[in-house]
Amino acid sequence: MPHLYLVDGSGYIFRAYHRLPPLTNVHGEPVGAVYGYTTMLWRLADEVHAAEGPTHMAVILDKSSKTFRNDLYDQYKAHRPPPPEDLVPQFPMIRDATRAFSLPCIETEGLEADDIIACYAKAALAQGWSVTIVSSDKDLMQLIEPGLDLYDTMNNRRLGAEHVAEKFFGIAPNQLGDVLALMGDSVDNVPGVPGVGPKTAAKLILEHGDLESVLAAAEGMKKGKLRDNLIEHADMARLSRELVSLRCDVALPEPLEDLELKGIPDAPLRAFLEHHGFRSLLTKLGQVADAPVPAPASVPMEEDPPCNLDEYETVQDLDALDRWITIARHQGWIAVDTETSSTDATQAELVGVSLALHPNLACYIPLGHGGTDLLAEVPVQIDVKAALAKLKDLMEDPSVLKIGHNLKFDMIVLGERGIDMAPHDDTIVMSFDLDAGLHGHGMDELAATHLSHSCIAFKDVVGTGKTQRGFHEIDLKTATRYAAEDADVTYRLWKRFKARLPAEGATRVYEMVDRPLIPVIARMERRGIKVDRERLAGLSAEFAGQIAGLETEVHALAGGPFTIGSPKQLGDVLFERMGLKGGRKGKSGVYSTDVTELERLARDKDAPGVDLVRKVLEWRQLSKLKSTYTDALQAQINPKTGRVHTSYSLTGAQTGRLSSTEPNLQNIPIRTEVGRQIRDAFVAEPGNVILAADYSQIELRLAAHMADVPALREAFANGDDIHSLTAQELFGEVNRDTRGRAKTINFAILYGISRWGLAGRLDVTPDEAQAMIDRYFERFPGVNRYMADTLEGVRERGFTETLFGRKTHFPRIKSKNQGERQGAERAAINAPIQGTSADIIKRAMVRMEPALDAAGLGHVRMLLQVHDELVFELPEGDVDAASTVICEVMENAATPAVTLTVPLGVDIGTGLSWGAAH
DNA sequence: GAAGTCACG
DNA sequence: GACGTACGTGACTTCG
């Protein structure tokens, strides 16, 4: 059977106007109500194929303000205020929208939309059709009967007789006209009977049956105001009855059959959506979901008003949350920030979420406040589950860009709650890709630099030290000011960076390397790596015993106890008490006692105190391993997962490398046998293995490519040992000693060589070091040239660039201080090489998961990155297949953006632990 | 919080 | 003639 949907367009637009925020389209025209109307039509159109969906549909509008009711009663709707100024231009747009959907739009002179709806409803019902009136107007509820219901699209509910009974105290739909007549309507100026509201009206009708019976019974009622009013205003009640009656006796402007739905042509709808810039709907129509969002140009950035913390809203009910989500869907982007109980995203409790849509249009949604002794009273908050369900839809909506500052954190927090945020932009990464080397990228610093705004300091909100409170204990007013400010500032920064990225040539590295990496890193952090606690505890105990023994021996040799860990005391003991030779270093006037100095002392077998020095070196090594690794790592194991979850910083290293904190898993020992045991504590789950894949000599290979050194390029192409080759070229023979020296020189080149530095490393004179450097430049032409070009570039432009366009700024390149300047020069020579290497492994990481998935290796988990190494955990049986994919991805990570003239080599190892995988 | 030291690439 | 010498990180300890 046909099902006719009659859309009360006029009713909808008023409700939408008051309920939705004041949106404007790309032309600056107000379109809030139109947007709401368009999304509603969309939803209805989507229901076409549903079981109870429409087969016929029409939109009914009011034609003019004068109707037959004004002839009945000249005061009808007389006091109604004119529609708001910014609603008026939206009326014609409603017609545009309806036409865009190719729906019939019906309006008739002298009739209200309600009457036309009633006519169509009756006609359809008479033919046995079902009818749904898309409205929640109480007058239209009179029409409800079997086969006809109302559909309140704003609250997504069907309204039937039960709803009328519930709202009007037991009244049936066919009695509603009488109730409405008695109670009147102040908005439409239907007079009714004074003193009679819905409750009294319903009671009277239920008691007496209908209006006339009520009026007839008035005389017999007990004396009182009600009786008097009913008698005195009986005629007004009868007039009201006529006014609220719906006329269904006029001819249908268009026959029912013509309302049949015939599908919605694409072109007019697209044109309409494009005209208004309704991005999210365009996306649904089939535009690319991840198309870059244009920078909002309508408001020049300079005209952004200053941050006004008093304008922020605290969102405490679902309706309010819906409002924010609606605007986000409309404009296609939103700034997001989460407040939590901890800076460790993998263990943090969610305390609240803040959102920003425009400068100063920001809110805070408290979700986990209260619940402690300190804040005994739990404030009004949306139920976390309900709020997260709403937020999930928004966060996962492919047509809404989520903007955050260090969004990786929020991705992890929400990821732990089943929300897979996408698409995204991150202002901390944007800032890094624009301004690495110029300043930090924390929000407070960026707000001060770019917005001349000083953010509320977190410690001013929660305090410090013993009296520090959790964010969940902060009152909502303060919490809103702090949290919403962060979202607001993030939004403002995003506008600026969004415009700067293409203008400053930073889009390439941002879009190709760093932006897509964020969710990859978030997943790695969430996975963590399993650590064998017992093994670490065993090592700790072992080290503790040895340290204690060494301490006793050191004190005995030194002739008395002192704090070995104090460089100052140790220096005094060695150089004063024991009389070893060595010089002061540093401004603080403390003897240098670092490992190179102590090893120098230890080499002199005959010097007094050699034994002491050797014991101290051993003590130092074990103390370091115990305190930094075997003890600390145990404390870092997440009790819930049994794994260690590091946090990677994408902006920590100026060159574009990642850095790793809490704990740092990029400096787990490997170079010494005793330290290496710590790696054995990083293990795979039963049935799995650890796979470590590392680039072989990647920085030297890149140097060979970038400096265009034929001999080196050939050597890499042939798979030769590059340090041996260097030894052959520099010293004419290859042995352990010359190869070691050659290796040192190769690294020295990468790091920005100085004759003194190399001399110190090789224990030769600066002149001899210079001779080696000269010979190197001679044998490997291109290197010297590359270094000179790099320096010229950085002096001229202030920054270096990687092959992928990543910039690193070096403001000190112009320093008057020679030391500073030379330091900047060395760093500038290194940055393009180290940075390109970082770009390449990042690209490999971005491509790794899709490549593994495509190969049916979805169970292979990428866990760690250590600059030139990726660590995976995978089922034992997948090793061969995974190795192939991993190698392939890593070796080809530069292409097609960059074509290298050297191959990239990857070595792979596997084992039950990280240590065994090397 | 600075300085010194040392773990990694 | 002095400067103070390799690039990039983070964590721990001592000490003022």
Side-chain angles (χ1 to χ4, degrees), chain A residues 436-437 562-571 583 585-599 616-617 619-633 635-636 646-649 651-672 674-676 678-679 694-695 697-700 703 744-762 766 769 773 800 808 810 815-835 837-838 841 864-869:
Chain A
F562 69 100
T563 307
I564 306 172
S566 164
K568 184 169 182 291
Q569 291 186 36
L570 178 63
K585 275 191 179 174
K587 302 132 220 167
S588 52
V590 182
Y591 291 110
S592 172
T593 62
D594 67 18
V595 69
T596 53
E597 187 68 11
L598 294 193
E599 278 175 350
V616 168
L617 279 168
W619 182 93
R620 278 226 180 120
Q621 182 188 24
L622 294 172
S623 295
K624 175 80 176 183
L625 294 178
K626 181 169 184 292
S627 68
T628 308
Y629 300 102
T630 59
D631 286 353
L633 268 173
Q636 293 280 358
T646 185
S647 175
Y648 288 103
S649 167
T651 59
Q654 306 300 327
T655 52
R657 272 191 178 179
L658 302 180
S659 72
S660 159
T661 61
E662 282 181 297
N664 182 352
L665 295 186
Q666 291 182 324
N667 72 346
I668 302 301
I670 192 167
R671 289 172 183 172
T672 66
V674 55
R676 199 190 169 100
I678 292 163
R679 270 188 194 226
D694 63 288
Y695 282 111
Q697 310 279 15
I698 186 168
E699 292 194 8
L700 277 172
T744 299
I745 295 169
N746 276 327
F747 279 112
I749 296 291
L750 296 180
Y751 296 151
I753 200 163
S754 87
R755 72 183 75 173
W756 301 279
L758 185 60
R761 296 275 160 155
L762 293 179
I773 294 167
T800 60
T808 305
F810 293 93
S815 172
K816 299 263 188 289
N817 179 320
Q818 187 185 225
E820 268 185 7
R821 194 173 62 247
Q822 288 176 339
E825 286 170 357
R826 291 192 298 270
I829 283 168
N830 179 247
I833 298 167
Q834 191 182 111
S837 162
I841 196 167
L864 302 177
Q865 189 253 42
V866 193
H867 309 309
D868 64 358
E869 172 185 7

Give one of base, sugar-phosphate or nothing for A:I670, where a contact means two heavy atoms less than 4.0 Å apart. sugar-phosphate
For the pair made of NE2 in A:H867 and P in B:dG9, what is the distance, rounded to whole Å? 8 Å
Looking at residues at least two apart in the chain, or sitting in another chain, which of them share a side-chain contact (heavy atoms from CB on, under 4.5 Å) with A:Q822? A:Q818, A:E825, A:R826
Can you name the residues that form a salt bridge (Lys or Arg N to Asp or Glu O under 4.0 Å) with A:K626, not counting sequence neighbours? A:D631
Whole angstrom is fine here: how far is it from CG in A:L762 over to P in C:dA6? 12 Å
Might you work through the side chain to side chain contact (heavy atoms under 4.5 Å, CB included) test for A:I745 and A:L762, ending with a clear yes or no? CA-CA 9 Å; A:I745 295 169; A:L762 293 179; 4.1 Å; yes
Work out how far the C1' atom of C:dG4 is from that of B:dC8, and round it to whole angstrom. 25 Å
Please state how far atom CG in A:L665 lies from atom P in B:dG9, giving the value in whole angstrom units. 13 Å
How would you label the contact of A:T596 with the nucleic acid (heavy atoms, under 4.0 Å): base, sugar-phosphate, or nothing? nothing
P atom, C:dA2 versus B:dA7: distance in rounded Å? 35 Å
CD1 of A:I829 versus P of C:dT5: gap in Å, rounded? 18 Å
For the residue pair A:L633 and A:L665, establish whether any side-chain heavy-atom pair is separated by less than 4.5 Å. yes
Return a single string for nucleotides 9-16 of chain C, one symbol per nucleotide in 5' to 3' order, where B is base contact, S is sugar-phosphate-only contact and - is none, cutoff 4.0 angstrom on heavy atoms. SBBSSSS-
Would you indicate what A:S623 reaches in the nucleic acid, counting non-hydrogen atoms under 4.0 angstrom: base, sugar-phosphate, or nothing? nothing
Side-chain N or O of A:R657 versus OP1/OP2 of C:dC7: is the shortest distance under 4.0 Å? no
Using whole Å, what does the distance between atom C1' of nucleotide B:dC6 and atom CD1 of A:I668 come to? 13 Å
What stems show up for DNA chain C when you take Watson-Crick pairs (N1-N3 plus N6-O4 or O6-N4) and G-U wobbles (N1-O2, O6-N3), both under 3.5 Å, and require three or more consecutive pairs? B:1-9 with C:7-15
Quick one: list whatever passes side-chain contact (heavy atoms from CB on, under 4.5 Å) with A:A632, sequence neighbours left out. none
Using the side-chain heavy atoms of A:Q822, tell me which of these nucleotides is nearest: C:dA6, C:dG4, C:dG8. C:dG4
Just how far, in rounded Å, is P of C:dG4 from CD1 of A:I753? 21 Å
Check the surroundings of atom CD in A:E662: do more than 12 heavy atoms from other residues, nucleotides or ligands lie under 6.0 Å from it? no
Heavy-atom side-chain contact between A:N667 and A:Y629 under 4.5 Å: yes
What's the separation between atom CZ in A:R761 and atom CD1 in A:I753, rounded to the nearest 0.5 Å? 11.5 Å
If you only use heavy atoms from C-beta on, which nucleotide in B:dA7, C:dG8, C:dA6 is closest to the side chain of A:Q834? C:dG8
Under 4.0 Å from OP1 or OP2 of B:dC6: is there any side-chain N or O of A:R620 that close? yes
Which residues satisfy the side-chain contact (heavy atoms from CB on, under 4.5 Å) test with A:S837, sequence neighbours excluded? A:I698, A:E699, A:L702
Which whole-number value in Å describes the distance from A:N817 CG to C:dG4 P? 7 Å
Distance in angstrom units between A:Q865 CD and C:dG8 C1', rounded: 13 Å
Would you check if A:Y648 and A:Q666 make a side-chain contact, meaning some heavy-atom pair closer than 4.5 Å? yes
Is there a donor and acceptor pair, one atom on the side chain of A:R826 and one on the base of C:dA6, closer than 3.5 Å? no
